[in-house]
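Reminder, nothing fancy here: chain letters follow the sequence lines and each chain counts from 1.
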There are 2 protein chains.
Amino acid sequence: MDSLQNLKNKVLSYTKVDEKPLDYWLSFYEKIELKKGEALVSAGQVVIHFYYLDVGCIYYYKMQDGGTKVLEFYTEDVFFTDLPSYVKGAPSKYFLRATEDTIVYAIKKTYTEKSYDESHQLERFGRLSMQEAFIKSYSRVERMNNRTNEERYLRLLEKRPGLLQRVPQYLIASYLGLTPVGLSKIRKRLMKV
Amino acid sequence: MDSLQNLKNKVLSYTKVDEKPLDYWLSFYEKIELKKGEALVSAGQVVIHFYYLDVGCIYYYKMQDGGTKVLEFYTEDVFFTDLPSYVKGAPSKYFLRATEDTIVYAIKKTYTEKSYDESHQLERFGRLSMQEAFIKSYSRVERMNNRTNEERYLRLLEKRPGLLQRVPQYLIASYLGLTPVGLSKIRKRLMKV
DNA sequence: TAAACTCATTAAACTAGTTTAATAAAGTTT
DNA sequence: AAACTTTATTAAACTAGTTTAATGAGTTTA
């Protein structure tokens, strides 16, 4: 059962879940190891797993106008998937790709649904983790409208130290809604101060 | 029990909930009538209700740099609250204000928590509604990074027809992350085509 | 070791927004 | 109806980004 302990602790940080249903649910997880540059999900696939990132880094992006548009970076100790595809069972429009050697644990939707059916506590965990994800996403919407790109870049440096060391700058630029040239200009401006 | 039927139907559109726990939960709702321009929530208050908008329109905004920054417009048949304050029990940083005469139904957090404790089905409704809110918020994040303001304005017109008729244009501008002048320029540009 | 890539920076011309201020139009109040 | 207030447009000067293309610096591959 390997390093599911991290995952187990993560669940328990949201709400109390009894040992039995939690271990039952955890028993369905499978370990996936990705090499740097490898894709976990590609556009066109139907996503039927929910993932937990244990070690490494994965970026969530789409291809648009011939370029990659990054939506998110997932690093240690987070849950993620392509939710639109996972929920609707429709082909994904996105990619999930490792920026470095990465270990994730994956569980099939059917097993999670079964576990939620059988455990009210696990269902609550599901609700609370979604709630947290929604609040984070919404605060990002707010910042995108009301902060300058420079402020958002500085905040990223502060909130996710080390990310710029792990991930190429042009992906950071895309995440911030900028071109590589635009981000480079901002960095230059900040140097001078 | 008035027009709780709309609210009831809304819940049932997410998942099956037995009559008994659902009616129990609905029994705690209180009707609130707001006049145009009236605030439902003001910054500094701790938000202890979850709301359902039955009739009218409410905008969710914050004061920043001396101006109003609009995050969202809530119209008929949606759930809403200031979630950060509601979840943490901390003073709100936001306002919720009616742009026209509005009717909302409100339920106290303690009653929802009690109902969720007693009904796994209601807890599931809570999870699924949060999931939906998250997906919507995330697709907005994506559009903010990858679409022009002109595209986002046109999409708003298409997705929420009538909103521009109900709400002053400078609030729409703020919602789109623009100044009133900027939005006016975009509209002028679109006229010419 | 050299060749080939990948990635970040720079420059130059351009564009879509900003700010400030003035004007016009519409809605409210007296 | 007149006066006042609120909202939308326009203009002019400005700014923070864009695009395209060239250069440089590290990495990886042969």
Taking atom [atom1] of [X] and atom [atom2] of [Y], what is their separation to the nearest 0.5 Å?
X	Y	atom1	atom2	result
L164(B)	I172(B)	CG	CD1	5.0 Å
I107(B)	F50(B)	CD1	CZ	10.5 Å
R140(B)	R152(B)	CZ	CZ	7.5 Å
T102(A)	I32(A)	OG1	CD1	11.5 Å

K159(A): partners by salt bridge (charged side-chain N to carboxylate O under 4.0 Å, His left out), with sequence neighbours left out
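In terms of salt bridge (charged side-chain N to carboxylate O under 4.0 Å, His left out), with neighbours along the sequence ignored, K159(A) is linked to no residue.
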
How about Y105(B) and L26(B): do any of their side-chain heavy atoms sit closer than 4.5 Å?
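Y105(B) vs L26(B): side chains apart.
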
Taking the six-membered ring of Y86(B), is the NZ or CZ of K109(B) close enough (under 6.0 Å from the centre) and on axis enough (within 45°)?
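Pair K109(B)/Y86(B) counts as cation-pi.
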
Going by side-chain hydrogen bond (donor to acceptor under 3.5 Å, both in side chains), name the pairs with one or both residues in residues 90-101 of chain B, residues two or more places apart or in two chains.
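As it turns out, the side-chain hydrogen bond (donor to acceptor under 3.5 Å, both in side chains) pairs with a partner in residues 90-101 of chain B, which skip direct neighbours, are E142(A)-Y94(B), Y61(B)-R97(B), D82(B)-S92(B), E100(B)-R166(B).
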
Review item, nucleotides 25-30 of chain C N/O atoms under 3.5 Å of protein N/O:
none

What's the [atom1]-[atom2] distance between [X] and [N], to the nearest Å?
X	N	atom1	atom2	answer
L176(B)	dG17(C)	CG	C1'	13 Å
D65(B)	dT18(C)	CG	P	14 Å
L178(B)	dT18(C)	CG	C1'	10 Å
I172(B)	dT7(D)	CD1	C1'	13 Å

Base contacts versus sugar-phosphate-only contacts with protein, heavy atoms under 4.0 Å: please encode nucleotides 8-16 of chain C as B, S and - from 5' to 3'.
SSBB-----

Sequence neighbours excluded and cut-off under 3.5 Å, please list the side-chain donor-acceptor pairs for residues 36-46 of chain A, or say none.
{"unit_1": "E38(A)", "atom_1": "OE1", "unit_2": "K35(A)", "atom_2": "N", "d": "2.7"}
{"unit_1": "Q45(A)", "atom_1": "OE1", "unit_2": "S42(A)", "atom_2": "N", "d": "3.4"}

Do you reckon L178(B) sits in the same ILVMFWY cluster as V141(B), going by side-chain contacts under 4.5 Å, direct or chained?
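No, separate clusters.
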
For DNA chain D, please output the secondary structure as dot-bracket, reading 5' to 3'. Pairs are Watson-Crick or G-U wobble, both atom distances under 3.5 Å; mark crossing pairs with [ ], other-strand partners with |, unpaired with a dot.
||||||||||||||||||||||||||||||

